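For ligands, and for the atoms within them, numbers begin at 1 and follow the listed sequence. Here the structure is a predicted model, which means the values were calculated and not measured.
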Amino acid sequence: MKVTVVGAGAVGASCAEYIAMKNFCSEVVLVDIKEGFAEGKAMDLMQTASLNGFDTKITGTTGDYSKTAGSHVAVITSGIPRKPGMTREELIGINAGIVKEVTENLVKHSPEVIIIVVSNPMDTMAYLVHKTSGLPKHKIIGMGGALDSARFKYRLAEALEAPISDVDGMVIAAHSDTGMLPLLSKATRNGVPVTEFLSDEQQKYVIEETKVGGATLTKLLGTSAWYAPGAAVSVMVQAIACDQKKMIPCSLMLEGEYGQNDICLGVPAIIGANGVESIVNVTLTAEEQLKFAEAANAVREVNGDLKF
Ligand SMILES: O=C(O)C[C@H](O)C(=O)O
């Protein structure tokens, strides 16, 4: 299994590192436009191989997409990250052009590739890849739900004073500060609804902190996060590489599911060798349905700024 990661910045390098550490891929190719940067990151990571015990071969290239030929999966992390005080949506002006160009290069050399979109605003960038790549819809997956769900579980475990392995939960809808929908109604501690343990105030805290998870880190770090995004991508790539058929919330093109059409939004899906094997329809409460529709309206407005 050959995987390409475009963008060798903190997020891209983190993706490559976690994928290699899990040792399920034969090859990871890092691509960056900055001369020598991807090559350097690849060499540094390869020098951890004997220490960390992996056999994945990591190489780097400065913009030579012929080196990515025959990739099964490609991860797009290119573009600029937000700075403290910015929304992800504000990045559209710069990132849309970059993501479009990267997509064209990837598909030219790997026409069968499955693309995982990380660049922000992620739901809109996933939509852009659908509109410009010519790939079938099961081969384009926006990363967001996997990351946001991990942050939800972190906040749930904190509020429950429980180990994270006791906690399960999912975030759907948009990967944005206002459009995320943590499904508290379905979150559990070892199968028991968390609503049985948490006060209204604690529930509100968990939801609000989950939604601004990326913004909180951006404020603390001065730029956006990379460890959890990299780990989330590695889980998705592994689900494809090992045909795990794992249920992961991701941003997918909807055609009637959850009452939406012609939009990429976070929904639970089965991820396996074909990319998206199926979308899972879960029953939402009336309030959740309303919030999902509101998130869709906001994403649709951002999509309106795209030029194809
Ligand atoms: O928050 C960001 O801007 C980056 C990423 O989408 C994240 O959630 O960490």
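In this structure, Tyr154 shares a hydrophobic cluster with Ile164, the cluster being traced through Ile, Leu, Val, Met, Phe, Trp and Tyr side chains under 4.5 angstrom apart.
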Could you go through ligand 1 and list every pair where one of its N or O atoms sits under 3.5 Å from a protein N or O, giving the atom names and the distance to one decimal?
residue	atom	partner	partner atom	Å
ligand 1	1 (O)	Arg82	NE	3.2
ligand 1	1 (O)	Arg82	NH2	2.8
ligand 1	1 (O)	Arg88	NH2	3.3
ligand 1	3 (O)	Arg82	NE	2.6
ligand 1	6 (O)	Arg88	NE	2.9
ligand 1	6 (O)	Asn120	ND2	2.8
ligand 1	6 (O)	His175	NE2	2.7
ligand 1	8 (O)	Arg88	NH2	2.8
ligand 1	8 (O)	Arg151	NH1	2.8
ligand 1	8 (O)	His175	NE2	3.3
ligand 1	9 (O)	Arg151	NH1	3.4
ligand 1	9 (O)	Arg151	NH2	2.8

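Between Lys204 and Glu208, no side-chain nitrogen of the basic residue sits less than 4.0 Å from a carboxylate oxygen of the acidic one, so the salt-bridge criterion is not met. Classification of Arg155 and Glu158 as a salt-bridged pair holds, one side-chain N sitting under 4.0 Å from a carboxylate O. Ion pair Asp262/Lys131 flagged as a salt bridge, since at least one NZ, NE, NH1 or NH2 atom sits closer than 4.0 Å to an Asp/Glu carboxylate oxygen.
Taken together through direct or relayed side-chain contacts under 4.5 Å among Ile, Leu, Val, Met, Phe, Trp and Tyr, Leu254 and Met143 form part of one hydrophobic cluster.
Contact record, Lys2 with Ala69: NZ-O, 2.7 Å, taken as the closest heavy-atom pair.
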